[in-house]
Amino acid sequence: MFENLSDRLERSFQLLKGQGKITEINVAETLKDIRRALLDADVNFKIAKTFTDDVKEKALGQNVLTSVKPGQLMVKIVKDELAELMGGTSADIDLTGSPSIILMAGLQGSGKTTFSGKLANLLKRKKGRHPLLVAGDVYRPAAIDQLKVLGEQIGVPVYTEEGNMDPVKIAQSAIKEAKRQGHDVVIIDTAGRLAVDEQMMKEISAIKKAVNPNEILFVVDSMTGQDAVNTAKEFNDRLDFNGVVLTKLDGDTRGGAALSIRSVVTKPIKFVGTGEKLDAIDVFHPTRMADRILGMGDIVSLVEKA
Amino acid sequence: SKTKESVFKKLGRAVVGKSKVDDEVLDNLEEVLITSDVGVETTLKIIGRIEERVSRDKYLGVDELNQILKEEIAALLEENNSEDVSDFELPETEKPYVIMVVGVNGVGKTTTIGKLAHQFKQAGKKVYLGAADTFRAAAIEQLEIWAERVDVPIVKQKMGADPASVAYDAVSSAKANNADVVIIDTAGRLHNKVNLMNELSKIKKVMSRIVPGAPHEVLLILDGSTGQNAFEQAKQFTKATEVTSLALTKLDGTAKGGVVIGISDQFKIPVKYIGIGEKMEHLQIFRRREFVESLFSES
Ligand SMILES: Nc1nc2c(ncn2[C@@H]2O[C@H](COP(=O)(O)OP(=O)(O)OP(=O)(O)O)[C@@H](O)[C@H]2O)c(=O)[nH]1
Ligand SMILES: Nc1nc2c(ncn2[C@@H]2O[C@H](COP(=O)(O)OP(=O)(O)OP(=O)(O)O)[C@@H](O)[C@H]2O)c(=O)[nH]1
Ligand SMILES: [Mg+2]
Ligand SMILES: [Mg+2]
């Protein structure tokens, strides 16, 4: 897929070269290639369009200095625009409460339970915190066992109520228990749910209302396609979440969903998951993500060669 | 959704009475296909086919265009013109029929196995499950719960055990007990991890030592909300395990799963099942026509 794009970009850069200004005509093909790269990276259809329109507007009429290759100028414009959309700097999480309460939400299989374990581990090891994990998924077979195993691996206690089918009550009791035992962070794992599942969306709203979390983190699989915008929007409308966690970035997906979600809900991406192990967590780097989405590493080296 | 509906109306307005597909139609079509995760390449292929058909057949109205469109897309989903599988049936010739289930993390492998076991059991088959995901926390317990629900035997070892050894045990037991089918769960793995992909090849090989030709089916599970990365998944899993069929999960959400169109066209692997929920009965046979319809329907 990408080899193809490089070839075509090279051709359109050739076209741009030697012309004093970036004009509608000499930039058209490049823009088309950029749009295609975005779509191949799973950036949402509409957002890809708006993005290329914005880039075009910024590029048009710019003088191409003799010292700067036109291709380089285009790359810079695209890069700046992407990085800006991804949200300039990385954002921290709010740990002010006592205890501080963190609620996970997201689709089935996105990585909520694993991330709960990773976050607990990070807070314990790097920030000297004393987290309590809460098993709030009462539906998925062995979800509670899964969290228990993770808790054991990192030496963090897990609050469970086997047989209780009410996650709202479980979360409330867990917080009481956390206070009693002096935990300063409570991380609540929840069941995966679809945005169209009214009953399940009501449930997570009810959990939010009952425990008033410092942070609600929307956990999303970085391989998600065009549907990312719908889901992110629905969850955000319901929960007004504080940040996004992008999982499974150790794969080879370009991860355009990140850009789509950012654009649609304007909430920061706070963490990324980079593996199945419990230390495979990283803070989010907007420029790295921007590079990844467009395969910029490759484009930049290509332009440098030209 | 409203957008999809209006796109379709626009499609109609733009084609009625014209004998050539104009840009507006193509733009609208492009939007429908891309937002269903069909991908640029396959979308261009479909549009190319439509243009060809239209210049040849000269359609009259929107109904004909829709018809042509659906035919062309369905054609891409066809593996050697084969029909959709008609039911949850098993070939009589292989006993036990061995199915190995593979895929990246969290796509729905274990759940699909539970649902499949239920279907086969309903059909009066003797089903065995093998818990060869020995890696993920509580993966064995998860499959055990499914085995209980469906009421079929499960072969397992401890967490951390060699998955190939579990698979070996499972197929051996199934054979010794005269089972009709044995379904092997495997740990989720990203297709760019060479060691883990090699492990799959090894698990696969071990089973053929007990039942020649096993696994008879390697079922790759794709998450219906996955975008273009599913291509790479299909490619790499096929390379490691010769995938023979696909299942597309989580289609009860708003995602359309359009990426399978290009995948089955390019790799010639038929889509067999779709997952439409988390319950035992939420598995259906993939029907080409219905799937294509759903791309254009309100979500
Ligand atoms: N490679 C990789 N795998 C991950 C990552 N995060 C989670 N996983 C895996 O993805 C799968 C699903 O993760 P879970 O944590 O169970 O996801 P979940 O959102 O809790 O799933 P449900 O509770 O069923 O909705 C598991 O196999 C995890 O090991 C990651 O960053 N990289
Ligand atoms: N809504 C919906 N959820 C599904 C479907 N299939 C599976 N799930 C859910 O997706 C999540 C992950 O399913 P699993 O069966 O554990 O996936 P897996 O591929 O075995 O995951 P790993 O073993 O961790 O790689 C669970 O919460 C399932 O209930 C489906 O068709 N629809
Ligand atoms: Mg979970
Ligand atoms: Mg599994």
Side-chain angles (χ1 to χ4, degrees), chain A residues 1 4 35-37 39-46 48-49 107-111 113-114 117 139-153 191-192 194-197 220-231 234 247-248 250-257 275-276 278, chain B residues 1 3 30-41 43 104-108 110-111 114 135-146 148-149 159 187-193 223-233 236 249-250 252-259 277-278 299:
Chain A
M1 234 185 271
N4 200 356
R35 177 168 171 271
R36 169 148 189 191
L39 292 177
D40 283 341
D42 294 317
V43 172
N44 174 264
F45 182 82
K46 289 208 173 73
K49 188 165 185 321
L107 296 183
Q108 285 91 346
S110 56
T113 306
T114 307
Y139 309 101
R140 170 175 166 164
I144 299 173
D145 289 330
Q146 185 187 359
L147 196 64
K148 274 196 205 156
V149 172
L150 299 182
E152 223 161 84
Q153 286 175 359
L194 294 169
V196 289
D197 190 334
V220 59
D221 185 324
S222 59
M223 293 175 276
T224 311
Q226 295 285 321
D227 191 51
V229 284
N230 306 329
T231 309
E234 287 293 327
T247 62
K248 310 179 196 173
D250 45 324
D252 57 5
T253 182
R254 284 245 195 261
E276 293 190 73
L278 292 176
Chain B
S1 74
T3 20
E30 187 194 15
E31 179 170 356
V32 174
L33 296 174
I34 296 284
T35 55
S36 303
D37 289 318
V38 170
V40 178
E41 199 168 316
T43 295
V104 299
N105 307 82
V107 288
T110 309
T111 308
F135 178 75
R136 214 213 57 211
I140 300 167
E141 287 80 353
Q142 185 187 359
L143 192 68
E144 265 186 303
I145 292 175
W146 275 105
E148 267 165 41
R149 267 188 199 170
M159 188 177 174
R189 67 201 73 219
L190 294 176
H191 51 279
N192 58 341
K193 312 236 158 126
D223 184 323
S225 62
T226 304
Q228 299 308 299
N229 192 250
F231 259 101
E232 212 49 42
Q233 293 172 23
Q236 298 306 334
T249 62
K250 309 185 193 174
D252 44 329
T254 42
K256 300 281 190 179
V259 69
E278 299 185 79
S299 37

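Lettering of chains follows the sequences in order, A, B, ..., and the numbering in each one begins at 1.
- In this structure, no portion of A/D197 lies under 4.5 Å from any heavy atom of chain B.
- Contacts between A/E234 and chain B at a heavy-atom distance below 4.5 Å are absent for every atom of the residue.
- No other option in B/M159, B/H191, B/R136 has as many heavy-atom pairs under 4.5 Å with chain A as B/R136.
- The shortest heavy-atom contact between B/A137 and A/L150 is CB-CD2, 3.8 Å.
- The shortest non-hydrogen separation linking A/V149 to B/A138 is CG2-N, 4.4 Å.
- Of the charged side-chain nitrogens involved, none lies within less than 4.0 Å of a carboxylate oxygen, so that A/E276 and B/R189 do not count as a salt-bridged pair.
- Of all the listed residues (B/T226, B/T110, B/V107, B/T111), the one sharing the greatest number of non-hydrogen pairs under 4.5 Å with chain A is B/T226.
- B/D37 touches chain A through backbone and side chain together, each having a heavy atom under 4.5 Å away.
- Both the backbone and the side chain of B/E141 come within contact range of chain A, with heavy atoms under 4.5 Å apart.
- Atom CZ of A/R36 is separated from atom CD of B/E41 by 5.5 Å, given to the nearest 0.5 angstrom.
- Note that CD of B/E232 and CE of A/M223 are 12.0 Å apart. Values are rounded to the nearest 0.5 Å.
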Going through the checks in order, is the side-chain contact (heavy atoms from CB on, under 4.5 Å) test met by B/K193 and A/D250? CA-CA 9 Å; B/K193 312 236 158 126; A/D250 45 324; 2.3 Å; yes
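- To the nearest 0.5 Å, atoms CG (B/D223) and CG (A/D221) are separated by 6.5 Å.
- Distance check: A/L194 CG to B/K250 NZ gives 8.5 Å after rounding to the nearest 0.5 Å.
- For the atom pair A/D42 CG and B/I34 CD1, the distance stands at 10.0 Å (nearest 0.5 Å).
- For A/Q153, the CD atom sits in a packed shell: over 12 heavy atoms of surrounding residues, nucleotides or ligands are nearer than 6.0 Å.
- Listed options A/T224, A/V229, A/N230, A/V196 were ranked by heavy-atom pairs under 4.5 angstrom with chain B; first place goes to A/T224.
- The nearest pair of heavy atoms linking B/R149 to A/P141 is NH2-CG, 3.7 Å.
- Of the listed residues B/L190, B/N229, B/V259, the one with more heavy-atom pairs under 4.5 angstrom with chain A than any other is B/N229.
- In summary, B/E30 and A/K49 do not engage in a salt bridge, as defined by a charged side-chain N under 4.0 Å from a carboxylate O.
- For A/D252, the parts sitting under 4.5 Å from any heavy atom of chain B are the backbone and the side chain alike.
- Summarising the geometry, atom CD1 belonging to B/I145 is positioned 10.0 Å from atom CZ belonging to A/R140; distances are rounded to the nearest 0.5 Å.
- For chain A, the nearby part of B/V104 is the side chain; its heavy atoms alone come within less than 4.5 Å.
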